[in-house]
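All ligand and atom numbering here is 1-based and tracks the order in the structure. Model, not experiment: these values are computed from the prediction.
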Amino acid sequence: MKRDFLTGEELRAFELERLLDRAAALKAGRDPARDGGRLGARSLAGRSVALIFEYPSTRTRISFDVGVDELGGHPVVLRGDEMQLSRGESVSDTANVLSRMVDAVVIRSSSQDRIVELAATATVPVVNALTPLHHPCQAIADLLTMKERFGDLAGLRLAYVGDGNNVARSLAVLGELAGVEVVVAAPADYQLEETHGVKLTGDPRAAADGADVLYTDVWVSMGDEGEPGAAERRRRDLAPFRLDADLLAAAKDTAIVMHDLPAHPGDEITAEVLYGDQSAVWDQAENRLHAQKALLELLLAS
Ligand code: CP
Ligand code: NVA
């Protein structure tokens, strides 16, 4: 029975724990000085993985491409506009063809419905590499980063401030699975729905109070760019939710700052905080590679 990873809800708590442990081991084993080579170097031998990007990407695309290669597999990277899908070939026909040739499909799409439809027909695992609704690959890398910094995840408080978007939703889904308390502070029109035990507030200070992690993301996500006047309106409405030094002071002294990137210093986060001592953003970016390698092993090699 093939397994997909479309929202993160597919994982059980013990599987997430194992995935994070495996990711940490793969990370340690990647350092030749520590392990004399690459742990997992053959776990995807003889396997091919299609990596389809309908939207731009830096971290996701590179980390999956390099990750598949490091596990001994073959990545096939495609832009959406290079596929016949963009000329009207159906999603189900595409899924059938992909399933005859590759062992997994990783896809970044403008539509959650499209990847659900793809997964319904495909006989190989389908991984969500970002849709406007979910970004579960980001959340597993973020949990790995938090585990590295704090040891135990259970009981940590993560305050997400800004737009209640795909990244916030995935943190809610996977945070709950890991026992993390997730609080989202957003203006009413930008707030996440009640989901997965997340706490919702309109007050960024109340969210930041006692937080172990302060997290933010862009104010204009990829699907939002088409709305007329979106950037100006969002900048105005979300300004009180900027992650700045004052907000950080409300969190624990030991708090870390997280952002999935790309960042827009001066908008959702100040440069001082983004590049400050408490920032964990570069570890987050690197951990995309390790967490996704562990995910591919879970879906393909077990
Ligand atoms: N965080 C993230 O998914 O980055 P990219 O859009 O560069 O892949
Ligand atoms: N919320 C952002 C995340 C980018 C990685 C977007 O969807 O554009």
Contact check, side chains of Arg157 and Lys252, non-hydrogen atoms, under 4.5 Å: no

In the single-linkage hydrophobic clustering (I, L, V, M, F, W, Y; side-chain heavy atoms under 4.5 Å), do Val184 and Val220 co-cluster? no

Please indicate whether Asp277 has more than 12 foreign heavy atoms, meaning atoms of other residues, nucleotides or ligands, lying under 6.0 Å from its CG. no

Counting from 1 in the order shown, the ligand 2 atoms closer than 4.0 Å to a non-hydrogen atom of Val218 are 1 (N), 2 (C)

Run the numbers for me: atoms of ligand 1, each under 4.0 Å from some heavy atom of Arg108, listed by number. 3 (O), 5 (P), 6 (O), 8 (O)

Determine, for Arg242 against Glu268, whether the closest basic-nitrogen to carboxylate-oxygen distance falls under 4.0 angstrom. no

Proximal ligand 2 atoms for Leu130, defined as those under 4.0 Å from one of its heavy atoms: 3 (C), 4 (C), 5 (C), 7 (O)

Atoms in ligand 1 with a heavy atom of His135 nearer than 4.0 Å: 2 (C), 3 (O)

Okay, side chain of Asp152, backbone of Ala154: is any donor-acceptor separation there less than 3.5 Å? no

Any idea which atoms of ligand 1 are less than 4.0 Å away from a heavy-atom of Arg288? 1 (N), 2 (C), 3 (O)

Is there a polar contact between ligand 2 and Arg108, counting only N or O atoms under 3.5 Å apart? no

What do we get for Asn166 next to ligand 2 when only non-hydrogen atoms under 4.0 Å count, side chain, backbone, both or neither? side chain

Below 4.5 Å, heavy atoms only, C-beta onward: do His264 and Trp219 meet side chain to side chain? no

May I ask you to identify the nearest protein heavy atom to atom 2 (C) of ligand 2, giving residue, atom name and distance to one decimal place in Å? Ser221 OG, 3.3 Å

For Arg169, which of Glu9, Glu194, Glu193 qualifies under salt bridge (charged side-chain N to carboxylate O under 4.0 Å, His left out)? Glu193

Under a 4.0 angstrom heavy-atom cut-off, which atoms of ligand 1 come close to Leu261? 1 (N), 2 (C), 4 (O)

Show me which atoms of ligand 2 lie under 4.0 Å from any heavy atom of Asp260. 3 (C), 4 (C), 5 (C)

Tell me, which protein residue and heavy-atom name are nearest atom 4 (O) of ligand 1, and how many Å apart are they? Arg59 NE, 2.8 Å

Run the numbers for me: atoms of ligand 2, each under 4.0 Å from some heavy atom of Met222, listed by number. 6 (C), 7 (O), 8 (O)

Determine whether Arg59 and Gln138 make a side-chain contact, defined as any pair of heavy atoms from C-beta on separated by less than 4.5 Å. no

Top protein contact for atom 7 (O) of ligand 1, by heavy-atom distance: Thr58 N, 2.7 Å

Tell me if a side-chain donor or acceptor on Ser279 pairs with a main-chain N or O of Tyr275 at a distance below 3.5 Å. no

Which is it for Leu261 and ligand 2 at heavy atoms under 4.0 Å: side chain, backbone, both or neither? backbone

